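Atoms within each ligand, like the ligands themselves, are counted from 1 in listed order. Note that the coordinates shown come from a computational prediction; the quantities given were computed from them, not determined experimentally.
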Amino acid sequence: MHHTQEEQITSKNTDELLDPEKSDRVMLIRNRISRIFFLRKFFTYPISLDADTLSKLGLKQVLRIIATYAAIRINPVKSEKNLEDFLINKFGKELYITFFKDYTEKVWGVPSRDIKPEWGSQRIRGVSIKRSIVNALKKAANRLSFSRAKLDLHEDTNFMYPKFGPGQMWEEVARLIEEKGGKIFLNHRVVGIKHYPDNMSSVEFVEVKEMGAKCTQKIHGDYFFSTMPVKELISGFDRASVPKKVLRVASGLLYRDFITVSVLFSELKIKNDTSIKTINNIVPDNWIYIQERDVKIGRLQIFNNWSPYMVKDENTVWVGLEYFCSEGDVLWSKSDSEIADFAIDELASIDIIDKKKVLDSTVVRMPKAYPAYFGTYDHFNVVRGFTDAIQNLFLIGRNGMHRYNNTDHSMLTAIVAVENIIKGVKTKDNIWDVKAVLTERVS
Ligand SMILES: Cc1cc2nc3c(=O)[nH]c(=O)nc-3n(C[C@H](O)[C@H](O)[C@H](O)COP(=O)(O)OP(=O)(O)OC[C@H]3O[C@@H](n4cnc5c(N)ncnc54)[C@H](O)[C@@H]3O)c2cc1C
């Protein structure tokens with residue numbers, strides 16, 4: 001991102017702007033490929049009952065999957081009380097136990113029975129098990145062998161990705177805001193909020209410093225958009241001005257925290273076993289979901305496959321190892337080097353890497369990565385009722401709404417909030433119903 005906007009606009013050759021070899025302000029069109037790693041083998045993601053899966057799971061297990069899927073279709077769980085009910089209704093008991101139970105518990109650190117089913121509908125993509133089973137049976141009837149053919153992955157989902165990763169997009173947005181006269185306070189934290197019954201008047205904020213005095217600043221505004229965790233937003237209000245029930249529900253909202261360990265390898269032990277061509281034959285995946293039960297690691301990212309420009313030497317492989325955890329737990333409390341050693345040991349233990357191939361590593365802790373659909377989440381409407389009534393306050397984004405919104409949904413909540421202001425729309429229901437808004441706009 002070294003070019004100024006002027007340079008971009010006056011450039012005669014607009015093609016040049018789209019060429020990542022010539023410009024940094026480029027979105028790359030990438031293929032989305034994710035797989036599941038289980039029983040030291042790769043499975044398609046989302047899981048499908050194709051010939052490849054059948055050959056890897058074995059006939060006995062496949063028959064169990066089909067039988068339990070048929071059973072749940074005939075006799076579904078009538079009212080889904082928790083995520084386990086939701087998943088069993090969708091996939092049948094055997095498929096749930098094989099591919100969803102352990103992983104979900106790795107992500108959340110609690111049994112699926114303790115999680116609200118809404119998380120499933122927000123997050124779990126539809127998989128046509130019925131179609132998979134029909135196809136599998138047809139193939140069986142045609143006596144197609146379930147031998148392990150070279151995995152035929154489809155590269156049919158494309159997405160746009162900034163040349164240097166998602167942060168680059170927000171650096172660019174920040175640049176545009178400042179160019180238009182906006183002021184951004186990085187490393188500052190909102191700590192206090194003043195409001196009259198139905199309007200917010202100002203926020204107080206402090207610079208986040210390792211040490212030293214913190215000086216509180218105050219800013220007034222016409223409109224306020226909040227992406228800070230709802231729990232912290234509510235605790236920033238004057239306690240006396242917030243109903244007790246709202247305080248109680250907000251303080252009981254829970255989060256799941258996250259550690260990513262990035263490790264640079266000279267090569268991986270797993271090799272590209274697909275029909276997709278890759279540089280140096282590295283695996284083609286963006287994400288690899290680790291379903292192995294003997295390790296804590298949840299997911300791997302291969303940064304080379306997000307954008308090759310994020311890796312200095314294309315002969316090396318940058319891998320992001322993702323750990324779902326809770327702030328202050330055993331893993332979180334280890335030193336960075338202990339965490340890196342632990343993560344590398346885990347990857348070696350499931351035969352993904354050879355420890356001798358490690359070149360470098362770095363550890364990043366991300367508190368409140370995921371808003372949890374348990375704790376006091378059941379009563380979230382109490383908080384929503386309070387914040388919705390403050391006319392010039394808009395809760396947007398992921399933690400801002402305590403919703404498992406992805407980036408598209410998060411950005412759209414901000415867009416809809418601004419549109420509401422411009423059009424004089426008073427309700428905030430369309431912001432909360434962002435999934436429906438997206439479906440409407442895309443179709
Ligand atoms: C590991 C991981 C992988 C993901 N992968 C994907 C993906 O592949 N695709 C996808 O679509 N989505 C993905 N997401 C989700 C995506 O990151 C979120 O949906 C999105 O970032 C939410 O945007 P946001 O603006 O609400 O929150 P954020 O991007 O988290 O921004 C919130 C901002 O508020 C600031 N803030 C918090 N508290 C305060 C305070 N008190 N005062 C001032 N500022 C404060 C924070 O510093 C931060 O800058 C992923 C998330 C995680 C954790």
Please list all pairs meeting ring-ring contact (aromatic ring centres under 6.0 Å, His included) that have one or both residues in residues 171-190, counting only residues at least two apart or in different chains. F185-H188, F185-F205, H188-F205
With no hydrogens and no angle check, just 3.5 Å: does a side-chain donor-acceptor pair link E21 and Y309? yes
Applying ring-ring contact (aromatic ring centres under 6.0 Å, His included), can you list everything that pairs with F303, at least two apart in sequence or on another chain? none
Should K106 and D102 count as an ion pair when the cut-off is N to O under 4.0 Å? no
So do the side chains of Y103 and I36 get within less than 4.5 Å of each other, counting heavy atoms only? no
Those residues at least two apart in sequence (or on a different chain) that pass ring-ring contact (aromatic ring centres under 6.0 Å, His included) with F37 are F42
When you check ligand 1 against the protein, what N or O pairs turn up below 3.5 Å? List the atom names and distances, or just say none.
{"unit_1": "ligand 1", "atom_1": "11 (O)", "unit_2": "T407", "atom_2": "N", "d": "2.8"}
{"unit_1": "ligand 1", "atom_1": "11 (O)", "unit_2": "T407", "atom_2": "OG1", "d": "3.1"}
{"unit_1": "ligand 1", "atom_1": "12 (N)", "unit_2": "T407", "atom_2": "N", "d": "3.3"}
{"unit_1": "ligand 1", "atom_1": "12 (N)", "unit_2": "T407", "atom_2": "OG1", "d": "3.0"}
{"unit_1": "ligand 1", "atom_1": "19 (O)", "unit_2": "N405", "atom_2": "O", "d": "2.7"}
{"unit_1": "ligand 1", "atom_1": "19 (O)", "unit_2": "N406", "atom_2": "O", "d": "3.3"}
{"unit_1": "ligand 1", "atom_1": "19 (O)", "unit_2": "T407", "atom_2": "N", "d": "3.3"}
{"unit_1": "ligand 1", "atom_1": "19 (O)", "unit_2": "S410", "atom_2": "OG", "d": "3.3"}
{"unit_1": "ligand 1", "atom_1": "26 (O)", "unit_2": "R398", "atom_2": "N", "d": "2.8"}
{"unit_1": "ligand 1", "atom_1": "34 (O)", "unit_2": "T227", "atom_2": "OG1", "d": "3.0"}
{"unit_1": "ligand 1", "atom_1": "41 (N)", "unit_2": "V190", "atom_2": "O", "d": "3.3"}
{"unit_1": "ligand 1", "atom_1": "42 (N)", "unit_2": "V190", "atom_2": "N", "d": "2.8"}

